[in-house]
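In the text below, chain A, chain B and the rest are named by the order of the sequence lines, each starting its count at 1.
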Number of protein chains: 2
Amino acid sequence: MSRPTIADIAKRVGVSKGAVSFALNGRPGVSEATRARILQVAKEMNWRPHSAARALGGARAEAVGLVIARPASTLGVEPFFAHLLSGLQAGLSAQSVALHLLVVEDAEAEIEVYRGWASEHRVDGFVMVDLKVRDPRIEALEEVGVPTVVLGGPGRHGSLSSVWADDREAMLSVVDYLAALGHRRVAHVAGLPAFRHTQRRMRALRDSARRLGLVDAVSLPTDFSDAEGAAATRALLSRARRPTAIVYDSDVMALAGLGVAAEMRVRVPDEVSIVAFDDSVLTRIAHPSITALSRDTFALGRQVAEVLLEVIADPARHLDVKTATPRLVVRESTAAPGLGRDD
Amino acid sequence: MSRPTIADIAKRVGVSKGAVSFALNGRPGVSEATRARILQVAKEMNWRPHSAARALGGARAEAVGLVIARPASTLGVEPFFAHLLSGLQAGLSAQSVALHLLVVEDAEAEIEVYRGWASEHRVDGFVMVDLKVRDPRIEALEEVGVPTVVLGGPGRHGSLSSVWADDREAMLSVVDYLAALGHRRVAHVAGLPAFRHTQRRMRALRDSARRLGLVDAVSLPTDFSDAEGAAATRALLSRARRPTAIVYDSDVMALAGLGVAAEMRVRVPDEVSIVAFDDSVLTRIAHPSITALSRDTFALGRQVAEVLLEVIADPARHLDVKTATPRLVVRESTAAPGLGRDD
DNA sequence: TTGGGGTACTAAACCGCTCTAGTTGCCGGA
DNA sequence: TCCGGCAACTAGAGCGGTTTAGTACCCCAA
């Protein structure tokens with residue numbers, strides 16, 4: 001026989017549908033004895049709520065949405081993304097909330113999906129990632145009126161809540177560290193300039209260069225791919241006055257850069273130091289292992305989930321959470337310029 | 001004002017709810033003129049179907065489920081997984097079907113989620129991954145009665161459809177290649193022995209060793225982590241008669257193995273050749289780059305999605321799709337066993 | 001003229017659950 | 001004895017669609 005409904009339970013126990021509903025939802029209106037009997041029978045019949053029926057009455061969908069506008073084929077490349085997803089899952093599954101995931105072509109399609117899922121009550125909230133410099137999604141999501149947490153900032157996310165890491169401070173700490181080692185020519189292989197965090201990192205490098213008197217502090221934008229990361233590295237290392245340290249905006253690019261250095265017979269860290277934003281297995285198992293800004297993306301994802309659940313519980317709230325600033329994990333890929341020849 | 005319903009449209013156009021439903025779903029029962037008028041008004045009012053209401057009536061959920069029983073924190077490590085997810089997305093989003101994703105602790109919880117989502121009509125089908133040797137999930141899913149595609153095989157997935165790659169054939173091709181280069185001592189750093197595909201690879205290595213007269217053809221099981229991959233490599237390279245070639249069950253472990261070799265001053269590929277199952281950026285950007293079995297995981301994911309959509313469309317069907325056998329991409333990490341030749 | 005059959009449409013049941021507005025029965029107090 | 005009040009429970013109206021049964025009307029053949 002097919003799934004039992006509360007009507008079946010009601011008939012069997014000999015009470016009304018309403019009584020069963022009250023009992024199952026733990027609300028007053030039934031005696032303890034009756035409640036126990038109802039729960040017992042519900043269990044025996046292996047009853048489960050029909051989420052659609054609940055949703056019709058205006059209840060929660062018990063799911064949140066994550067829509068990503070990237071070519072699906074590049075998603076897999078980013079350990080960052082996978083970790084974030086894991087963290088989100090961890091935070092959500094604690095409250096048995098599922099994640100509705102969709103990859104679309106562009107921001108326009110993304111906004112369409114927001115509208116659709118919201119009005120179909122498919123989800124209770126959204127997580128928005130890849131905050132752009134002037135981002136049309138912000139306005140769209142505000143209009144849609146569904147609780148949302150933006151991953152990125154600070155600022156520029158309108159009335160939406162956000163969770164952000166201080167990219168500026170992180171970059172400053174990297175440059176300070178390199179400067180303290182004695183580096184004067186620090187280059188930066190950046191990510192997509194359309195991203196807000198890329199801009200903040202580039203600006204931080206410029207500011208620090210001025211403050212510390214560094215020269216040739218240049219940022220080369222890329223698309224985050226290993227190919228462009230390698231190309232940028234090749235360009236930098238081919239310069240007459242090549243940088244003594246390179247900061248990469250992702251672990252994949254740093255690893256690609258390391259490969260290029262080896263191929264060009266530029267020794268790491270003796271002749272060039274390498275630092276990666278974003279830590280992962282990649283930086284640990286590379287040889288030499290790569291000094292990286294470690295930011296526990298898993299925890300970040302979980303935090304995003306928690307904030308979102310809070311905002312869903314009380315839509316009037318507006319949270320703006322700053323996460324721990326990435327911590328620099330020093331490994332074998334950095335050293336004072338021109339020194340060290342321990343190999 | 002809140003979302004318009006078909007009743008609102010009906011009132012505005014001056015017809016009944018039923019007529020509106022017929023018009024919006026493109027079924028007979030209304031004249032072309034009326035249909036056009038209804039569609040026009042629906043568009044003006046920016047109407048969207050309420051998925052919960054549809055689901056109540058027994059319609060599709062337009063979503064499929066993927067439940068993974070792994071500690072969420074290890075998910076991100078596997079490029080394989082991320083690629084698979086991307087491919088799934090690509091296949092599903094072509095028909096605007098969303099992916100309901102959940103990470104749970106163990107197989108038991110996984111089965112609970114299958115039961116739950118199925119009876120709540122949250123999804124139209126499931127994708128099952130990580131096929132184990134004697135897998136209780138198979139029976140559970142058959143009982144649940146929701147269209148499912150198992151990633152893995154061949155065989156041992158009951159009445160469920162499946163998509164599988166020939167791991168045996170793949171391993172044979174690797175060993176043949178190594179034997180042809182002159183290798184006689186081939187080791188295998190395997191994955192979790194509970195996985196069916198791990199078993200098949202181990203058996204294939206044993207069979208091939210017998211056929212080709214290889215010695216010391218040993219498989220060391222691991223948990224797929226870079227740590228255990230490194231440890232296994234260290235153990236193998238410390239042997240008195242160490243292997244001249246090592247096959248790794250994942251790209252991450254191969255990269256970790258490469259690191260260990262460098263650290264132990266065992267030259268690759270001069271003293272030991274390295275081959276990875278599963279290709280990704282990692283194997284390409286490593287230095288030296290790693291010879292790998294490339295299997296286009298993205299395409300695999302898309303194929304799974306397509307098969308699932310087919311089975312959902314016609315639940316009576318049973319598909320069993322064998323994907324292209326992984327192709328060996330030779331890079332810098334393999335060569336004839338030159339130095340340290342001591343047979 | 002009748003009647004059969006097709007088309008275009010309406011009314012209402014139905015899906016499974018929630019929630020409000022009763023209704024019943026019992027108790028205690030005046 | 002009557003009545004108010006409360007706890008326990010019932011009846012039934014939604015929620016937003018789909019779908020079935022039924023109706024009104026028209027056309028055409030007998």
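Nucleic acid contact for Pro49(A): sugar-phosphate only, since backbone atoms but no base atoms lie under 4.0 Å from a heavy atom of the residue. Heavy atoms of Arg48(B) sit under 4.0 angstrom from primed sugar atoms or phosphate atoms, though from no base atom.
Within the structure, every pair that satisfies the salt bridge (charged side-chain N to carboxylate O under 4.0 Å, His left out) test and touches residues 125-137 of chain B, not counting sequence neighbours, is listed here: Arg70(B)-Asp130(B), Glu110(B)-Arg137(B), Asp135(B)-Arg137(B). Applying the salt bridge (charged side-chain N to carboxylate O under 4.0 Å, His left out) rule to pairs touching residues 298-310 of chain B yields Glu310(B)-Arg317(B), sequence neighbours excluded.
Under 4.0 angstrom from either OP1 or OP2 of dC9(D) there lies at least one side-chain N or O belonging to Thr34(A). Close to dA7(D), at under 4.0 Å from its OP1 or OP2, lies no side-chain N or O of Ser31(A). Phosphate proximity of dT10(C) to Ser16(B): present, with a side-chain N or O under 4.0 Å from OP1 or OP2.
Not counting sequence neighbours, the partners of Ser31(B) by the side chain to side chain donor-acceptor pair (under 3.5 Å) test are Thr34(B). Residues passing the side chain to side chain contact (heavy atoms under 4.5 Å, CB included) test with Val144(B), sequence neighbours excluded: Arg115(B), Ala118(B), Val146(B). Applying the salt bridge (Lys or Arg N to Asp or Glu O under 4.0 Å) test to Lys322(B) and every residue at least two apart in sequence or in another chain returns Asp166(B), Glu169(B). Taking the side chain to side chain donor-acceptor pair (under 3.5 Å) definition, one finds that Gln40(A) meets it with Glu44(A), sequence neighbours left out. Scanning for side chain to side chain contact (heavy atoms under 4.5 Å, CB included) contacts around Arg35(A) gives Ala23(A), Val30(A), Glu32(A), Leu39(A), with sequence neighbours left out.
Note: CZ (Arg35(B)) to C1' (dC9(C)) measures 13 Å, nearest angstrom. One atom, NZ of Lys11(B), and another, P of dT10(C), lie 15 Å apart when rounded to the nearest Å. When the P atom of dT18(D) is taken as reference, atom CD1 of Ile9(B) falls 11 Å away, rounded to whole Å. Rounded to a whole Å, the CD atom of Glu32(B) is 10 Å from the P atom of dC9(C).
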Atom pairs, N/O to N/O, protein against nucleotides 18-21 of chain C, distance under 3.5 Å?
residue, atom, partner, partner atom, Å
dT18(C), OP1, Asn25(A), OD1, 3.4
dT18(C), OP1, Asn25(A), ND2, 3.2
dT18(C), OP1, Arg54(A), NE, 2.7
dT18(C), OP1, Arg54(A), NH2, 3.2
dT18(C), OP2, Ser21(A), OG, 2.8
dT18(C), OP2, Asn25(A), ND2, 3.2
dC19(C), OP2, Arg27(A), NH2, 3.4

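By the neighbour-count criterion of 12 heavy atoms within 6.0 Å, atom CD of Glu142(B) is densely surrounded, having more than that number from other residues, nucleotides or ligands. With a 6.0 Å radius and a threshold of 12 heavy atoms from other residues, nucleotides or ligands, Glu139(B) has its CD atom at or below the threshold.
Between its opening and closing five pairs, the helix from dT1(C)-dA30(D) to dA30(C)-dT1(D) changes axis direction by 70°, a value rounded to 10 degrees.
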